[in-house]
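Have a look at the structure below, then the notes.
As the structure is a computational prediction, the values presented were derived from the model and not from experiment. Read the numbers this way: they start at 1 and go in the same order the structure lists the ligands and their atoms.
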Amino acid sequence: MSQKFSSVRTVSGNSFSQNRGNQRNASQSSNGSNRNKSRSQNSPGSYVPYGSAPRKSASFGGNSRPSFGGAKSSFGRGPKRFRGVKKSVMDQSKFIKKAVPVAEAVEYVAKNKFADFNVCQELKNNIIAKGYETPTPIQDQAIPSALDGRDVIGVAATGTGKTAAFIIPLINKVFMDQNQKVLIITPTRELASQIDIELREFAKGMRIRSVQCIGGARIGRQISELSRNPQFVIGTPGRINDLIKRGRLNLAGTQNIVLDEVDRMLDMGFINDIKLILSKLPDHKQSLFFSATISPRISSLIQSFMASPITVSVKTTVTSDNVEQDIVKVSFDQRKIEVLHEILIKPECEKVLIFGRTKRGVENLSRDLEKRGFKSSSIHGDKAQNKREKALKLFKENHVNILCATDVAARGLDIDDVTHVINYDLPENYEDYVHRIGRTGRANKRGTALTFVS
Ligand code: AMP
């Protein structure tokens, strides 16, 4: 199950139009016969301009690139959606980019093999058991420095193996010195639990314990797990702070800190929590900060938290070369949901993540799609944690092929074979856009990102 990773320019192992197993398009399983009408003419992997469809509908990018002033609708319909919403200043052309053709891609040649890394045999065995053969570029370049005890800033496109880049050196460190403790902080609960799962696989049989300290889950259980003194604490900022304030989490002996999606962790929403948490850690520690995007402002802030960090940056393009990006123009007289419907019935739309701006809008959209016969579920901050987990599981395991989400699902989540990311509502900023579309085109597969603009 090893995957071939390439560097800056990537070689795609999978053709976009390739059949992806048993996933069924909602239209295939639904009762609406009209849904199949437009499918037969369209070859998989290629979009026909919507102008050619029987009804008046949206067109994808192409030649027309009007000045960008798309309203941030919250799933509004028609002109109403322009009421009282701020106009975006993002340039529409930023949402259009061809994927790099396979012929132009240059394969990355790793300097190291996993066998060469100075880690214990138990960990090497677990790496082999996970099917990893060759380090990805970020792993190849970050792991040796992290093993040397350096502070590392890792910048790499999402889906390129960042988790293992910090987990492998830290597991080794903890295994070699049982006094070591690690705190890993992520912006979302789902990302924390994804990292915990990966950690447990890499640390199998190594007597390493971890606890997830995330909001929305029972704090009592987390407190009792913390009392068993786990080496790894993985969590979200709010809950970690809560546990510190209750005197249940003492970070004085935690000499290792990971900030995943560090740019998000240090922006307005989290910065105070993070500063407070960092102030509880000892002065002498190892810091590993990772993200797909690091703005100049965040970069200088990061430096103030670290000791002569080494920066490992393994990308030249902001977005993955594997993702074909385009816009979907929706005119005043069109209903967005109808335009979306037309896209979703296309055979190549096998597994689709749809981003919306508001929790309510996302919930309503998912319901509307279900009424139309699509198999959809939703994930957003108003949902109880167990329901969020269930929705994600349904999507991950292909019981539904559409997931409607707010930006809680934008970062770091590793979901196999997402063929399309659709920005039904515009993201707040370009960085959020980059993270959203990073859910597709992962692990060298081809993906498509479509952004609704008006
Ligand atoms: P991440 O960026 O950590 O979310 O990883 C993206 C995906 O790539 C996950 O499914 C990993 O299991 C997989 N992966 C990471 N590193 C490797 C590797 N060296 N070889 C094969 N697969 C990998």
Side-chain angles (χ1 to χ4, degrees), residues 1-7 10-14 20 107-117 119 123-144 146 152 154-171 184 186-188 190-204 234 258-264 288-293 312-315 319-323 351 353 392 395-397 409-418 421 434-447:
M1 100 108 209
S2 82
Q3 289 147 337
K4 214 164 144 206
F5 280 84
S6 45
S7 69
T10 42
V11 179
S12 175
N14 287 37
R20 284 173 175 82
E107 196 175 337
Y108 176 80
V109 182
K111 287 192 220 79
N112 302 289
K113 295 195 189 80
F114 281 115
D116 302 336
F117 288 136
V119 299
L123 182 50
K124 280 185 183 163
N125 293 344
N126 287 341
I127 294 170
I128 294 167
K130 256 183 86 70
Y132 288 16
E133 285 164 11
T134 315
T136 66
I138 185 71
Q139 293 161 2
D140 192 35
Q141 295 175 45
I143 290 176
V152 176
V155 188
T158 153
T160 55
K162 279 187 291 206
T163 316
F166 60 77
I167 284 286
I168 288 174
L170 289 171
I171 290 176
I184 301 174
T186 70
T188 67
E190 285 76 13
L191 191 48
S193 73
Q194 186 177 291
I195 291 172
D196 192 25
I197 291 168
E198 197 144 350
L199 165 72
R200 284 166 196 235
E201 287 168 359
F202 277 120
K204 207 166 179 184
I234 307 169
V258 176
L259 294 186
D260 197 14
E261 305 292 341
V262 63
D263 60 336
R264 177 83 184 95
L288 306 176
F289 293 178
F290 283 79
S291 191
T293 51
V312 175
S313 181
V314 295
K315 56 180 208 160
T319 52
S320 163
D321 287 336
N322 299 351
V323 182
K351 193 163 179 178
L353 184 53
L392 193 59
F395 187 59
K396 277 191 168 176
E397 294 176 359
R411 288 184 175 248
L413 286 192
D414 182 35
I415 305 168
D416 286 343
D417 301 323
V418 173
V421 166
V434 171
H435 286 282
R436 282 182 178 188
I437 74 164
R439 300 313 102 217
T440 184
R442 294 173 74 76
N444 253 7
K445 290 182 180 151
R446 198 44 77 93

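- No side-chain heavy atom of Q139 sits under 4.5 Å from any side-chain heavy atom of K162.
- Among the atoms of G161, some N or O lies under 3.5 angstrom from an N or O of ligand 1.
- The N/O atoms of K130, backbone and side chain alike, include none that comes under 3.5 Å of an N/O atom in ligand 1.
- Within the 4.5 Å cutoff, no side-chain heavy atoms of T163 are placed close to those of F290.
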Please assess I415 against T440 for the test side chain to side chain contact (heavy atoms under 4.5 Å, CB included), listing each intermediate value before the final yes or no. CA-CA 8 Å; I415 305 168; T440 184; over 6 Å; no

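- For the pair Y132 and ligand 1, the shortest N or O to N or O distance falls below 3.5 Å.
- One finds the CG atom of N126 at 9.5 Å from the CD atom of E201 (value rounded to the nearest 0.5 Å).
- Close approach to T160 involves these atoms of ligand 1, each under 4.0 Å from a residue heavy atom: 2 (O).
- At least one side-chain heavy atom of V418 sits less than 4.5 Å from a side-chain heavy atom of F395.
- Geometrically, ligand 1 and D416 share no nitrogen or oxygen pair separated by less than 3.5 Å.
- Residue T163 touches ligand 1 through backbone and side chain together, judged by heavy-atom distances below 4.0 Å.
- The closest approach between any non-hydrogen atom of I138 and ligand 1 is not below 4.0 Å.
- Remark: ligand 1 and E133 share no N or O pair separated by less than 3.5 Å (distance only, no angle test).
- Under the side chain to side chain donor-acceptor pair (under 3.5 Å) criterion, D260 pairs with no residue at all, not counting sequence neighbours.
- Which parts of ligand 1 touch K162 is read off a 4.0 Å heavy-atom cut-off, strictly below it: atoms 1 (P), 2 (O), 3 (O).
- The atoms of ligand 1 that sit less than 4.0 Å from any heavy atom of T134 are 18 (C), 19 (N), 20 (N).
- Atoms of ligand 1 lying under 4.0 Å from at least one heavy atom of T136, given by number and element, are 16 (N), 17 (C), 18 (C), 19 (N).
- In this view, F289 satisfies the ring-ring contact (aromatic ring centres under 6.0 Å, His included) rule with no residue, not counting sequence neighbours.
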Check step by step if side chain to side chain contact (heavy atoms under 4.5 Å, CB included) holds for K130 and E198. CA-CA 10 Å; K130 256 183 86 70; E198 197 144 350; 4.1 Å; yes

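- Only the side chain of F114 comes within 4.0 Å of ligand 1, judged by heavy-atom distances.
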